[in-house]
Amino acid sequence: TSSCRWQQPAGGFWVASSFPSRQPAGEPSRRRMRSSCVLLAALVALAAYYVYTPVPSSVSEPWKLMLLNAVFHGAQQVSDLIHYLGLGHHLLALNFIIISVDKKSALSSARVKVTDTDFDGVEVRVFEGLPKPEEPLKRSVVYIHGGGWALASAKMRHYDELCTAMAEELNAVIVSIDYRLVPKVYFPEQIHDVVRATKHFLQPEVLQKYMVDPGRICISGDSAGGNLAAALGQQLIQDVNLRNKVKLQALIYPILQALDFNTPSYQQNANMPILSRYVMVKYWVDYFKGNYDFVQAMIVNNHTSLDVEEATALRARLNWTSLLPASITKNYSPVVQTTGDARIVQEIPQLLDARSAPLIADQEVLQHLPKTYILTCEHDVLRDDGIMYAKRLESAGVEVTLDHFEDGFHGCIIFTSWPTNFSVGIRTRNSYIKWLDQNL
């Protein structure tokens, strides 16, 4: 560009002459700043788009939950890419990422002794709280971590902190079982691991070694660990050779059935962060080493349609229209297909096995179970599994405490420390430990 000015030379005629314009000294830097602001705004918008997930305002700290979900979703995408490139199984890759970020060594403190060992070949982490002077023998909890039978570990910081808090506040011995995971093993090997480790611990000489009162033992777990704890409880009461029986079972948002993926909570929370309906159905298929082609059909209950004879006798055991209160069922309607895909149950008969789905166990089994605690969260696809199990246990004569959190979401009990600390995580943990303290 150029500027123009008029000047009168010696001959008296006015002529125009031009000269290069001069930009203000700060103009280039201002342009760069504007470009940077536009780029930053675009990146912020992109990040917000990636992070944002519609969640109910009633859930605990929704934006923090969105951020947590975005991090987990990002790890899932990386693991899926690794699987796509043929570099490894996506679940192995995802668990490697999770453990790498969250692994914690067995570190003892003045109040809790922590050791890694094995019980009958199964890895466990043992947390020993200080004994009370007036009680030479301690209480004990056998704890089973969650993770869709495929993820997490007893050696993760989140589970280490939960078990440490239990050992310290209850003056108890906590045995956290590090069972084998999918895809290294599949159903029912996870159950075999927890049964084997627990039976080893219940031997009189082992209880004596850890100074545990044989009459004050609880089995517990969260999510898939709650599933395994429920299956473990049903296995133990049917073992006539078992000398020491457990006093309590405590199940935290447990997975309890795979017959109906359209209960009110599955419909209400189908797209909730951390655990959506689609992800939960995939975990079931992975657990049984099934075919992913069945996932969409299972989501709409094609695997338990009216023409699938194998499911007929079991359907009444989880009829949620009678097992759930009106405050839960609201205006939701059952999804029962007239015609479905019988191949699913034929190829994955484990779906109808009470060891994988403790909610469908016989009444004769349920009536012998010990006093039970079940924690459920409103914003969780598994909410109704827990509520229905509580109802079936009560009908069988078992004393049940149902502890429901209106602002809770799946997985919240382990999110109690920075940067993944949630108020509902602290409240659920405190309520759970308080119940154990009062009843164990």
Side-chain angles (χ1 to χ4, degrees), residues 43-44 47-48 50-53 55-79 94-114 116 125 127 129 141 143 145-148 151-170 172 174 176 178 220-226 252-253 272-275 375 377-380 403 405-437:
L43 290 174
V44 169
Y50 185 81
V51 169
Y52 181 75
T53 302
V55 296
S57 59
S58 56
V59 73
S60 179
E61 298 164 85
W63 272 103
K64 190 183 290 187
L65 178 58
M66 289 182 208
L67 286 168
L68 178 63
N69 185 64
V71 172
F72 186 60
H73 183 58
Q76 286 178 314
Q77 290 183 320
V78 171
S79 64
L94 181 57
N95 205 35
F96 176 80
I97 295 170
I98 292 171
I99 299 301
S100 298
V101 172
D102 205 48
K103 187 173 183 178
K104 183 178 180 182
S105 300
L107 299 176
S108 299
S109 67
R111 298 185 62 83
V112 180
K113 178 183 176 183
V114 184
D116 287 335
R125 176 166 285 187
F127 303 78
V141 178
Y143 195 85
H145 71 80
L151 305 173
S153 166
K155 298 170 184 174
M156 280 176 55
R157 176 178 63 88
H158 286 87
Y159 284 110
D160 185 279
E161 289 177 352
L162 172 62
C163 292
T164 297
M166 292 162 62
E168 183 172 340
E169 294 181 37
L170 298 172
I174 313 300
S176 187
D178 223 9
S220 184
D222 66 294
S223 191
I252 302 165
Y253 34 76
M272 273 296 294
I274 307 300
L275 186 66
L375 187 150
C377 293
E378 180 65 21
H379 306 289
D380 182 6
D403 198 7
F405 287 80
E406 286 291 336
D407 62 341
F409 59 88
H410 191 78
C412 62
I413 200 168
I414 63 172
F415 297 125
T416 58
S417 61
W418 191 90
T420 56
N421 53 312
F422 288 79
S423 62
V424 72
I426 295 169
R427 283 183 280 113
T428 50
R429 187 186 72 176
N430 290 345
S431 186
Y432 164 64
I433 293 177
K434 180 180 179 181
W435 184 88
L436 289 173
D437 191 31

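All values reported here derive from a predicted model rather than from experimental measurement.
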Taking the side chain as C-beta and beyond, is there a heavy-atom pair between Gln77 and Leu94 under 4.5 Å?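 Side-chain contact under 4.5 Å: no.
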
Taking the side chain as everything from C-beta on, heavy atoms only, tell me whether Tyr253 gets closer than 4.5 Å to Phe409.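 No. Closest side-chain heavy atoms not under 4.5 Å.
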
Using only atom types and a distance under 3.5 Å, with no angle test, would you say the side chain of [X] pairs donor to acceptor with the backbone of [Y]?
X	Y	value
Asp102	His158	yes
His145	Met156	no
Ser108	Val114	yes
Glu161	Thr416	no
Ser105	Leu107	no
Ser431	Thr428	no
Tyr432	Ile413	no

Given Leu162 and Met166, is the side chain to side chain contact (heavy atoms under 4.5 Å, CB included) satisfied, shown in steps? CA-CA 6 Å; Leu162 172 62; Met166 292 162 62; 4.0 Å; yes

May I ask you to say whether Asp178 pairs ionically with Arg125, meaning some side-chain N is under 4.0 Å from a carboxylate O?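 No salt bridge links Asp178 with Arg125.
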
Taking it one step at a time, do Asp222 and Tyr159 satisfy side chain to side chain contact (heavy atoms under 4.5 Å, CB included)? CA-CA 10 Å; Asp222 66 294; Tyr159 284 110; 2.7 Å; yes

Atom [atom1] in [X], atom [atom2] in [Y]: separation rounded to 0.5 Å?
X	Y	atom1	atom2	value
Ile252	Ile414	CD1	CD1	10.0 Å
Asp380	His410	CG	NE2	5.5 Å
Arg427	Ser60	CZ	OG	6.0 Å
Leu68	Cys412	CG	SG	11.0 Å
Lys103	Phe96	NZ	CZ	10.0 Å
Ile174	Ser220	CD1	OG	9.0 Å

Where is the tightest heavy-atom contact between [X] and [Y], given as atom of each residue plus distance?
X	Y	result
Ala75	Ile97	O-CD1, 3.9 Å
His379	Glu406	NE2-O, 3.2 Å
Ile274	Phe72	O-CE2, 4.2 Å
Ser176	Ala154	OG-CB, 3.2 Å
Ala152	Ile99	C-CD1, 4.0 Å

Taking atom NZ of Lys113 as the centre, report whether more than 12 heavy atoms of other residues, nucleotides or ligands fall under 6.0 Å from it.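 12 or below, so no.
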
Distance under 6.0 Å and angle within 45° of ring axis: Lys64 vs Phe422: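 So Lys64 does make the cation-pi contact.
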
Which is it for Asp160 and Phe127 under the side chain to side chain contact (heavy atoms under 4.5 Å, CB included) test, yes or no, and what are the steps along the way? CA-CA 9 Å; Asp160 185 279; Phe127 303 78; 3.5 Å; yes

With no hydrogens and no angle check, just 3.5 Å: does a side-chain donor-acceptor pair link Asp407 and Ser58?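 No, no side-chain donor-acceptor pair sits under 3.5 Å.
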
